[in-house]
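Structure first, commentary second.
These values consider heavy atoms only, across backbone and side chains, with no hydrogens, waters or symmetry-generated copies. All ligand and atom numbering here is 1-based and tracks the order in the structure.
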Amino acid sequence: MKILLVGSGGREHALAWKLLQSPNIEKVICTPGNGGTATLPGCQNIPIPVVDFEGIVKVAQEYNVGLVVVGPELPLSLGIGDRLASVGIEVFGPTKTGAQIEASKSWAKDLMHDAGVPTSRGAKFTNPKAAQAYVTQQGVPIVVKADGLASGKGVTVATEVEEAKKAITSLFHQGFDKIVVEECLTGEEVSVLALTDGLSVRPLIAAQDHKPIGEGDTGANTGGMGAIAPAPIATSAMMARIEREILQPIVRALGRRGIDYRGLLYAGLMITPAGDPKVLEFNCRFGDPETQAILPLLSTPLDELLLPCTQQRLADIPPIQWRSGTAVCVVTASGGYPGTYGTGKEITGIKQAEETGAIVFHAGTKQLGQRLVTDGGRVLGVTAVGENFQQTRAAVYGAVELIQFEGIYYRKDIGYHKIQV
Ligand code: AMP
Ligand code: GLY
C-alpha cells in the first residue's frame, strides 16, 4: 500500500521511517516532507504546502494511496480531513470540528466540562480589560493562553500579575480575539498519545516532553526540546486512570456532539502532587518530539494501528507490542529559537551520529544540491534507544555532540527528571 503523509517536521520523518518498516507499505509520499524524508529509501517528497488541499487530493488520487496521514494541526483545523473524506480517501486525522479540541482552548474546556474530565479552573475572555481584572482578582501564579493555534508558544505561566497582564495585552495585539486565563497547576507533566476510531481508544506508551528552551525548564516555551519514553510517572495504574477518567469520557463526549473523530488524541497532562491526572491541553495529532521517542519503541507495524482507526475497528486489534527499554530524543535547534533565527546553515556529522546507533530525525532541514542546510527553528531530533536509561542518555548526547551547524543549541538535561528519581 502507498501512504500519503502531510507535513514537514521531525514527527513526519519519524512517521515515514516507521511506516516504511512495515511489510505492507511499499511507498510513502510526503507533502512536502523535509531533508530527511527526501533521502529515506521508499519515501518521495512532493513540494505541496500542507494547506493546499486540492494539490494534496490530486496527489492522493494520482498515486492511488490507501491512506492519508496528517501530521500537523494546521491543515486539520482548516478541514483537510473533511476534504479528503468527501472524495472517499481514508484519512488518519479528525474533521475540522474535531480538530477544535486543539485549535480552540475554550472549546476544549467546554468539552472537558461536559465530559467531567479533570482540568484547571479557568475563564475565557474577549476583552483584555476584563481578563486583566480577573488576573488581579485571582492573583498569581496564573496561566494565560491564546485561544487559537500558536505552535506551543501561546502560553504564559505568569508568576507576577504584571507579567500576566502583559501577556494578555500581547495576545490581543497579536490578533487573537479570545484568550483563556486559568489556574496554574503544579506537578509533573506527561504526554499521552492515544489512537481512537471515535468509538474506542488505545493509548500508546506515555512520553515526557521538555517544552521550555532552557535547562531546568526555564525560559520561553517552545514546540518541545526533547522527549523521553516511556515516562516513568505513567505507571500502569496511572495509565488505567488516564484512560478511564480522561480519554474514554472525551471520546464519548465527542461522539455525543456528533463528531466522528478518527485519529490521534493527544492529552497533555499534569500529574498533581496529590497524584491525580489533570488535563493541560489536548492536541489533535501526534506530538513533536514525543513521536520521535515513542515510535522507535513500537514493534507493531504502524499501519496496523492507523488503518483500524480510519476503518473503525480499533476495538478488535490485538494488544500493541512494544520493545523493552527506553528512548531519549534530544532536539537540536537554531540559535535564537523560539525567537528569530537564521536558516541555510550547513549541517555536518549526521552520518557519524548515525554510526553510533542513534536515529537522526530531520525537522527543519533542506537538501540544497549535495548540501544539507538548516531550514527551521527545530532542526534535528536525535533519538537513542537502549535498555538502561543512563546509558541511553549518554548515547544520545554522544551522538548529538558529533553534529554541527552554526549556532547549534540543545538542552543538556533531557530526561533529568528521571535521573533525579
Ligand atoms: P499547552 O500548550 O496548553 O500545553 O501549554 C504549554 C505548556 O504550558 C504546558 O506544557 C505546561 O508546561 C504549561 N501550562 C499550560 N497550562 C498550564 C496550567 N494550567 N498550569 C501550569 N502549567 C501550564
Ligand atoms: N511537544 C508538544 C506538542 O507536540 O504539542
Side-chain angles (χ1 to χ4, degrees), residues 7 9-12 14-15 71-74 76-77 99 101-109 112 118-124 135 138 140-159 164 167 171 176 179-193 204 206-214 216-229 231 264-273 276-295 329-331 333 338 361 363 377-378 381 411 414 417:
R11 163 186 52 212
E12 285 76 23
L15 285 165
E73 61 277 16
L74 180 63
L76 289 167
S77 72
I101 200 162
E102 173 166 3
S104 168
K105 302 260 186 206
S106 59
W107 191 90
K109 274 271 186 240
M112 285 185 251
T119 182
S120 56
R121 272 180 296 111
K124 54 186 165 199
V135 164
Q138 294 290 314
V140 286
I142 200 154
V143 182
V144 177
K145 296 185 176 185
D147 197 39
L149 296 180
S151 306
K153 294 167 228 154
V155 176
T156 302
V157 180
T159 49
L171 288 177
F176 290 102
I179 64 162
V180 169
V181 181
E182 65 183 34
E183 168 200 10
C184 185
L185 298 175
T186 56
E188 188 146 357
E189 283 189 58
V190 64
S191 306
V192 176
L193 281 59
L204 306 178
Q208 192 163 44
D209 186 13
H210 296 61
K211 286 208 173 98
I213 186 76
D217 283 342
T218 52
N221 262 339
T222 69
M225 292 302 292
I228 61 166
L264 202 291
L265 179 62
Y266 165 136
L269 306 170
M270 188 74 92
I271 311 296
T272 66
D276 297 317
K278 290 194 177 182
V279 178
L280 295 173
E281 64 162 346
F282 282 110
N283 293 323
C284 65
R285 37 91 195 156
F286 281 94
D288 188 342
E290 289 93 329
T291 303
Q292 294 90 305
I294 293 171
L295 292 185
C329 172
V330 174
V331 170
F361 295 117
R378 293 189 292 175
R411 274 182 61 167
I414 301 303
H417 281 107

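- Two residues are said to be in side-chain contact when any heavy atoms from C-beta on lie closer than 4.5 Å; Glu73 and Ile101 fail this criterion.
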What does the contact table look like for ligand 2 (nitrogen or oxygen on each side, cut-off under 3.5 Å)?
| unit_1 | atom_1 | unit_2 | atom_2 | d |
| --- | --- | --- | --- | --- |
| ligand 2 | 1 (N) | Asp209 | OD2 | 2.7 |
| ligand 2 | 1 (N) | Gly223 | O | 3.0 |
| ligand 2 | 1 (N) | Asp288 | O | 2.8 |
| ligand 2 | 1 (N) | Glu290 | OE1 | 2.8 |
| ligand 2 | 1 (N) | Glu290 | OE2 | 3.4 |
| ligand 2 | 4 (O) | Arg285 | NH1 | 2.8 |
| ligand 2 | 4 (O) | Asp288 | N | 3.0 |
| ligand 2 | 5 (O) | Asn283 | ND2 | 3.1 |
| ligand 2 | 5 (O) | Arg285 | NH1 | 3.4 |
| ligand 2 | 5 (O) | Arg285 | NH2 | 2.9 |

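- In this structure, of Lys145, Lys278, Lys211, Arg121, the residue bringing a heavy atom nearest to atom 15 (C) of ligand 1 is Lys145.
- Any N or O atom pair closer than 3.5 Å counts here, and Leu185 shares at least one such pair with ligand 1.
- Here the shortest heavy-atom distance to atom 12 (O) of ligand 1, taken over Glu182, Glu189, His210, Met270, belongs to Glu189.
- Counting the atoms of ligand 1 from 1 in the order shown, those under 4.0 Å from a heavy atom of Glu183 are 18 (C), 19 (N), 20 (N).
- In summary, the atoms of ligand 1 found under 4.0 Å from a heavy atom of Val155, numbered by their order in the structure, are 1 (P), 2 (O), 3 (O), 5 (O), 6 (C), 8 (O), 15 (C).
- Ligand 1 lies less than 4.0 angstrom from a heavy atom belonging to Cys184.
- A side-chain contact (heavy atoms from CB on, under 4.5 Å) with Pro289 is found for one member of Arg11, His210, Arg378 and no other, namely Arg378.
- Summarising the geometry, atom CZ belonging to Phe176 is positioned 9.0 Å from atom CG belonging to Asp147; distances are rounded to the nearest 0.5 Å.
- Evaluation of the side-chain contact (heavy atoms from CB on, under 4.5 Å) rule for Glu281 yields Lys105, Lys211, Tyr266, Asn283 as partners, not counting sequence neighbours.
- Every side-chain contact (heavy atoms from CB on, under 4.5 Å) that Ala267 has, sequence neighbours left out, goes to Leu247, Leu269, Phe282.
- With ligand atoms numbered from 1 in the order given, ligand 1 contributes 6 (C), 7 (C), 8 (O) to contacts under 4.0 Å with heavy atoms of Asn221.
- Across every non-hydrogen atom of Gly224 and Asp209, the tightest pair is CA-OD1, 3.4 Å.
- Atoms OG1 and CD, from Thr272 and Glu188 in turn, are 11.5 Å apart once rounded to the nearest 0.5 Å.
- Evaluation of the side-chain contact (heavy atoms from CB on, under 4.5 Å) rule for Glu182 yields Lys109, Ser120, Val143, Lys145, Val180 as partners, not counting sequence neighbours.
- Taking 4.5 Å as the limit, every side-chain heavy atom of Thr156 sits out of range of all side-chain heavy atoms of Leu171.
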